[in-house]
Student: 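A single structure is presented below for examination.
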Amino acid sequence: MQYALIIREGAEDFARRSDPAYRDGWIAYSKALAQAGIMTGGAGLTGPETGTIVRRKGEDHDVQDGPYPEGKELLGGFYLIEVPDMDTALEWATRVPISDKGSVEVRPRLQM
């Protein structure tokens with residue numbers, strides 16, 4: 001079964017991405033997933049100020065540059081892993097090197 005590990009980070013964490021100590025934790029985690037043979041995809045994302053939001057307005061769409069989410073946690077990236085069950089996915093989620101400002105949501109991939 002495939003699971004998405006959806007990473008949310010605090011604004012401070014986005015600012016620390018150029019810090020080798022912070023970055024090295026993410027590199028090590030990604031390598032561990034790859035070495036375990038369970039990573040099927042994923043990507044880190046740039047900061048929310050680089051994004052654009054598209055919202056449906058009836059038959060039209062509204063496009064807004066630079067979304068400014070009101071939450072304290074910002075979408076930082078995701079991993080897609082293939083493991084036998086939710087318990088195993090949760091074990092890997094606890095190893096994600098987030099700070100105390102972030103979180104990891106574990107969600108099964110929709111089977112179609």
Side-chain angles (χ1 to χ4, degrees):
M1 181 111 189
Q2 288 188 328
Y3 295 87
L5 305 182
I6 303 163
I7 314 299
R8 292 188 178 85
E9 297 176 275
E12 302 88 1
D13 296 328
F14 274 92
R16 292 178 49 212
R17 285 181 165 190
S18 60
D19 174 3
Y22 185 74
R23 185 179 55 240
D24 289 352
W26 289 97
I27 292 170
Y29 181 74
S30 297
K31 284 182 181 178
L33 289 174
Q35 288 173 347
I38 62 172
M39 187 166 70
T40 61
L45 301 173
T46 59
E49 69 280 359
T50 66
T52 301
I53 290 181
V54 177
R55 288 192 174 90
R56 185 169 199 111
K57 298 270 186 167
E59 295 297 315
D60 296 324
H61 292 85
D62 182 37
V63 178
Q64 175 187 354
D65 286 338
Y68 301 103
E70 293 185 21
K72 293 182 181 185
E73 294 181 345
L74 310 170
L75 184 59
F78 68 97
Y79 291 97
L80 188 60
I81 61 172
E82 188 156 344
V83 293
D85 52 41
M86 176 63 92
D87 287 339
T88 306
L90 290 171
E91 287 174 20
W92 279 98
T94 64
R95 296 173 60 185
V96 174
I98 55 170
S99 75
D100 61 353
K101 306 279 191 251
S103 67
V104 179
E105 178 182 351
V106 179
R107 195 184 302 181
R109 182 175 165 214
L110 181 62
Q111 303 297 312
M112 298 187 74

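Heavy atoms only: backbone and side chains are in, while hydrogens, waters and symmetry mates are out. Predicted, not measured: the structure shown is a model, and the values here were computed from it. Numbers here are sequence positions counted from 1.
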Student: Which pair of heavy atoms, one from L5 and one from A93, lies closest together, and at what distance?
Tutor: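 Minimum heavy-atom separation between L5 and A93: CD2-CB, 4.1 Å.
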Student: Relative to the ring of Y79, is the ring of Y29 parallel (under 30°), tilted (30 to 60°) or perpendicular (over 60°)?
Tutor: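 The arrangement is perpendicular - the two ring planes meet at more than 60°.
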Student: Hydrophobic clustering (ILVMFWY, side-chain heavy atoms < 4.5 Å, transitive) - are V106 and M39 grouped together?
Tutor: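 Hydrophobic grouping puts M39 with V106.
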Student: Measure across Y3 and A89 and return the closest heavy-atom pair with its distance rounded to 0.1 Å.
Tutor: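 Scanning both residues, the minimum pair turns out to be CG-CB, 3.7 Å.
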Student: Mind checking whether L90 and I98 sit in one hydrophobic cluster, side chains of I, L, V, M, F, W, Y counted as touching below 4.5 Å?
Tutor: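 The answer is yes; both residues are in one hydrophobic cluster.
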Student: Taking V96 as the starting point, is it possible to reach I27 by hopping between hydrophobic residues whose side chains are less than 4.5 Å apart?
Tutor: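 The answer is no; the residues belong to distinct hydrophobic clusters.
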Student: Could you tell me which residues satisfy ring-ring contact (aromatic ring centres under 6.0 Å, His included) with F78, sequence neighbours excluded, listed by chain and number?
Tutor: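 Listed in chain order: nothing, the list is empty.
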Student: Measure across E105 and R107 and return the closest heavy-atom pair with its distance rounded to 0.1 Å.
Tutor: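 The answer is OE2-NH2, 2.5 Å.
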Student: May I have all residue pairs that pass side chain to side chain donor-acceptor pair (under 3.5 Å) and include part of residues 90-99, sequence neighbours excluded?
Tutor: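 Only D13-S99 qualify under side chain to side chain donor-acceptor pair (under 3.5 Å).
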Student: State, to 0.1 Å, how close L45 and G77 come at their nearest heavy-atom pair, and which atoms those are.
Tutor: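 Residues L45 and G77, closest heavy atoms: CG-CA, 3.9 Å.
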Student: Report the distance from atom CD of Q2 to atom CG of L110, rounding to the nearest 0.5 Å.
Tutor: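 Here the interatomic distance stands at 11.5 Å.
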Student: Using salt bridge (Lys or Arg N to Asp or Glu O under 4.0 Å) as the criterion, point out the one residue from K101, R16, R17 that pairs with E9.
Tutor: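 Only one of K101, R16, R17 forms a salt bridge (Lys or Arg N to Asp or Glu O under 4.0 Å) with E9, namely R17.
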Student: Treating Ile, Leu, Val, Met, Phe, Trp and Tyr as nodes and any side-chain heavy-atom pair under 4.5 angstrom as an edge, say whether W26 and L80 lie in one connected cluster.
Tutor: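 Looking at the clustering, L80 is in a separate group from W26.
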Student: If you look at every heavy atom in Y22 and P97, which pair is closest and at what distance?
Tutor: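 Scanning both residues completely, I find the closest heavy atoms to be CE1-O, 4.5 Å.
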